[in-house]
S.K.: 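Take this structure first; my questions come after.
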Protein chains: 4
Amino acid sequence: MLDAAVATFARRGYRAASMDEIAEVAGVSKPLVYLYLNSKEELFSAVIRRESAALVAAVRAAVEPGGAADRQLWSGLKGFFTYTAEHPDSWAVLHQQARTQGEPFVREVAAMRAGLTDFVTGLIAAAAREAGCDTELAEREVAGLAHALVGAAESLAEWANTATAGPATAPPSARETAATLMNFAWTGLGRLMVGDRWTPGEN
Amino acid sequence: MLDAAVATFARRGYRAASMDEIAEVAGVSKPLVYLYLNSKEELFSAVIRRESAALVAAVRAAVEPGGAADRQLWSGLKGFFTYTAEHPDSWAVLHQQARTQGEPFVREVAAMRAGLTDFVTGLIAAAAREAGCDTELAEREVAGLAHALVGAAESLAEWANTATAGPATAPPSARETAATLMNFAWTGLGRLMVGDRWTPGEN
Amino acid sequence: MLDAAVATFARRGYRAASMDEIAEVAGVSKPLVYLYLNSKEELFSAVIRRESAALVAAVRAAVEPGGAADRQLWSGLKGFFTYTAEHPDSWAVLHQQARTQGEPFVREVAAMRAGLTDFVTGLIAAAAREAGCDTELAEREVAGLAHALVGAAESLAEWANTATAGPATAPPSARETAATLMNFAWTGLGRLMVGDRWTPGEN
Amino acid sequence: MLDAAVATFARRGYRAASMDEIAEVAGVSKPLVYLYLNSKEELFSAVIRRESAALVAAVRAAVEPGGAADRQLWSGLKGFFTYTAEHPDSWAVLHQQARTQGEPFVREVAAMRAGLTDFVTGLIAAAAREAGCDTELAEREVAGLAHALVGAAESLAEWANTATAGPATAPPSARETAATLMNFAWTGLGRLMVGDRWTPGEN
DNA sequence: AATGAATGAGAATTCATTCAT
DNA sequence: AATGAATGAATTCTCATTCAT
């Protein structure tokens, strides 16, 4: 039943998905949906919670614990892109729908996102320690960097899922996507920690 | 009239925004809206086209032509973040609404996005040439990198707009945000071009 | 089970009371309610019949048989007001709900009411005989008088039950209410029987 | 449109009347009903207010001002019974539906009823003065008497309307009904004022 | 003797859209 | 050039009622 809701919300969007359609996709009657999940709002919340938990669990399970920061990030990203590739509807609901449907929902998905961002923030800090970073990175800057990285990941996930456009080319694998992002981000972060930063001139 | 539509779509979302409210915000009668823009769908399309064009124009105007690749990217990013900060409704419609409302609209916004991504792709290629890059970067990889950069930018733009949560801290300025992203991305890209890439082991 | 129905119908009204709530108040499952009382309609009918019978029985038990007509009316009224005060839900169902829910039910409660009205009619006739009434009262007029008396009683019963508004004043006792009505009605009826009637002029 | 609502509410009751049916009876579409009267609740309130006002206006117009108390009561009652006979639906909504549908509505109709009861209370007091009443009637008792009278009137009104059962006999005219009530009540009230009251023995 | 699980039918309410003017 | 008035078609949600066990 939740599966049907995920599929329908992903395909139509929260507002456009009707309880009628969800019930039909689930192969049950509408009142049954209301019996278990009391309203459209609660149903959507339940969906968000379940899919958030599944995504976080997938990432957590993928991370190789105890390794170097870059290995951890790498394995986490692979887990992330694997999950988003294998559960595109789940990802579409979390990334596209939940974030755009106002208050009860944004908060729920923001909490999950904060968990991931914190994880990345921790990794960046750990990497800084590992590198014996001399320049103390401002907390806000680290948050910004973590945000940029998570945002880039989210964006790549969506891109990988949406890039069904070119029918000839297969969508990039999770491994490829993760490698692209590591290359994009990690070397730069490494240089940053040793003080090699890009600076504009006066404007 | 389009302004009213932008404001309303941003505040309510495409489905939840009613033509009644749009007409009221615009200070005209509903039939007038239908006279000029024949349906809700066309109205939304018109909004997307106008806001897309405005965003692209803002970025284009900001870019310093003929300079080095990094200067061009830097100035473009400043233009981008300036626009999104000054026109949050416009950005919300493009980034949050248009992308999540299914077919007629995703295509329109995807076209605009492709324009920006192509611009970035060109810059990365130019940078590669400037660096006398020996390793030929695969076209697909460049596309992936450009996508990651654009995605990170979008994500940061949304973050900067949404981070009104902490009432103490002012939202980061467009300049700050652009600098964060340059630091995050550009050094890494530079290293990448001289062959200094991050590679996983065997998994 | 019927008790639960009485309480629920009184509180919510016939239409607003749900079988779910009735079953819950009764502490049984809904199918059990359907097993014993086959539908909401039959359930309500059964309730009306039981409460009607109880009210009539209470009045009948209260009447002192064989006494003078006024004593009989007095004792009957006391019984009536005592019952309505002690069983407000029962009275609410009979007076407010059953009478307003259309055909199957109005008939049932009308039958009970007819019983009471007939009783009063008989008393008025008896009083007329006792008074050696010379003027023959038209049957229809007697019926009208009986109806007025019963209506006044009903109205006072509701008033006594509803007058919880003034928190300082206790609701009038059954005895008080009955006395008010006797004073209101009986002396007038007595005069009427000896021909002392109120007559309008020509209009 | 309000007429259609009155008819439908009277026939079906508040809950059982559907907005669909009301719209159909009114010969308009359902959204139009919602355009003018925003919800079922507001529609019912509007109906109650309009019908209350009409009833009060009818009674007020009927009362011969400046006459003796009994003439005033007589003329008022005639007006009342004339109205209820000529507008049975209006009376049914006020008397049967509004009073039994819980809070927003009972208050509205109670206000109207209080107006009528006050009028009658005033008349009884005036009659007492006219009669040079020696025994001071307790205020509460007068209220009770007024309540009994109004209740009797309401009851008779309903009876007169419902007595369509006997197809042979025509329903009593407003004049007849008013006369019955005057005979029932006024002589008794008169005696009461000169101290001729009915008293029970010791129980 | 009793119920957990399920549904068909219908209720209030909203909205994109269109005429007649 | 502009609108007041009106509606067909959904949408969310509820409820009396029934099986299979």
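No hydrogens, no waters, no symmetry mates; every other heavy atom, side chains included, goes into these values. Quick caveat, the model's predicted, so the values are computed rather than measured.
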S.K.: Sequence neighbours excluded, which residues qualify as salt bridge (Lys or Arg N to Asp or Glu O under 4.0 Å) partners of B:K30?
M.R.: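 In terms of salt bridge (Lys or Arg N to Asp or Glu O under 4.0 Å), with neighbours along the sequence ignored, B:K30 is linked to B:D20.
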S.K.: Please determine if C:K40 forms a cation-pi arrangement with C:Y14, meaning its NZ or CZ atom is less than 6.0 Å from the six-membered ring centre and no more than 45° off the ring axis.
M.R.: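 C:K40 over C:Y14 ring: yes.
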S.K.: As an exercise, state the distance from CG of C:L94 to CZ of C:R49, rounded to the nearest 0.5 Å.
M.R.: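 Here the rounded value is 12.5 Å.
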S.K.: Dump the intermediate steps for side-chain contact (heavy atoms from CB on, under 4.5 Å) on B:H95 and A:R99, then the final yes or no.
M.R.: CA-CA 11 Å; B:H95 183 55; A:R99 269 181 37 230; 3.7 Å; yes
S.K.: Using the salt bridge (Lys or Arg N to Asp or Glu O under 4.0 Å) criterion, which residues pair with D:R50? Sequence neighbours excluded.
M.R.: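 D:R50 satisfies salt bridge (Lys or Arg N to Asp or Glu O under 4.0 Å) with D:D3 once adjacent residues are dropped.
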S.K.: Would you mind reading off the distance between D:E42 atom CD and E:dA12 atom P, rounded to a whole angstrom?
M.R.: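 After rounding, the gap between these two atoms is 15 Å.
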S.K.: Show me the dot-bracket string of DNA chain E, counting Watson-Crick or G-U pairs under 3.5 Å, with | for pairs to another strand and [ ] for crossing ones.
M.R.: .||||||||||||||||||||
S.K.: Would you say the side chain of D:S52 lies within less than 4.5 Å of the side chain of D:E108, judging by non-hydrogen atoms?
M.R.: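 D:E108 does not reach D:S52 side chain to side chain.
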S.K.: Just by distance, with hydrogens left out, do B:T100 and A:Q96 show a side-chain donor and acceptor under 3.5 Å apart?
M.R.: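 The answer is no; no qualifying pair exists.
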S.K.: Run the side-chain contact (heavy atoms from CB on, under 4.5 Å) test on A:W91 and A:L55 for me, step by step, so that the C-alpha distance in whole Å, both residues' side-chain angles and the decisive distance to 0.1 Å come before the verdict.
M.R.: CA-CA 8 Å; A:W91 177 243; A:L55 171 55; 3.9 Å; yes
S.K.: Scan residues 25-35 of chain B against DNA chain E and write down, sorted by residue number, each residue with any heavy atom closer than 4.0 Å; if none is found, say none.
M.R.: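 Contacting residues: B:K30, B:P31, B:Y34.
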S.K.: What's the verdict on side-chain contact (heavy atoms from CB on, under 4.5 Å) for B:Q97 and B:F105, showing C-alpha distance, side-chain angles and the deciding distance?
M.R.: CA-CA 9 Å; B:Q97 297 305 324; B:F105 312 122; over 6 Å; no
S.K.: To the closest 0.5 Å, what do you measure between CD1 (B:I22) and CZ (B:R12)?
M.R.: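 Here the interatomic distance stands at 10.5 Å.
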S.K.: Check B:V6 against B:S90 and note the closest heavy-atom contact, atom names and distance.
M.R.: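 Looks like CG1-N, 3.9 Å.
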S.K.: Please list, in 5' to 3' order, the outermost nucleotides of DNA chain F lying under 4.0 Å from any heavy atom of chain A.
M.R.: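 Contact span on the strand: F:dT12 to F:dC15.
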S.K.: Nearest whole Å is fine: how far is E:dC15 P from B:K40 NZ?
M.R.: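 In whole Å, E:dC15 P and B:K40 NZ are 9 Å from each other.
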S.K.: Taking the nucleotide of DNA chain F with the nearest heavy atom to each, does C:N38 or B:Y36 sit closer to the 5' end?
M.R.: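 Final value for this comparison: B:Y36.
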S.K.: Expected output is a numbered-order residue list: members of residues 13-21 of chain C with a heavy atom under 4.0 Å from any atom of DNA chain E. What is it?
M.R.: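 Here the set is empty: none.
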S.K.: Once rounded to the nearest 0.5 Å, what's the spacing between atom CG of B:L2 and atom CD of B:E51?
M.R.: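 Answer for the CG-CD pair, B:L2 versus B:E51, is 8.0 Å.
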S.K.: Step by step, would you call C:L37 with C:F44 a side-chain contact (heavy atoms from CB on, under 4.5 Å)?
M.R.: CA-CA 9 Å; C:L37 302 139; C:F44 195 45; over 6 Å; no
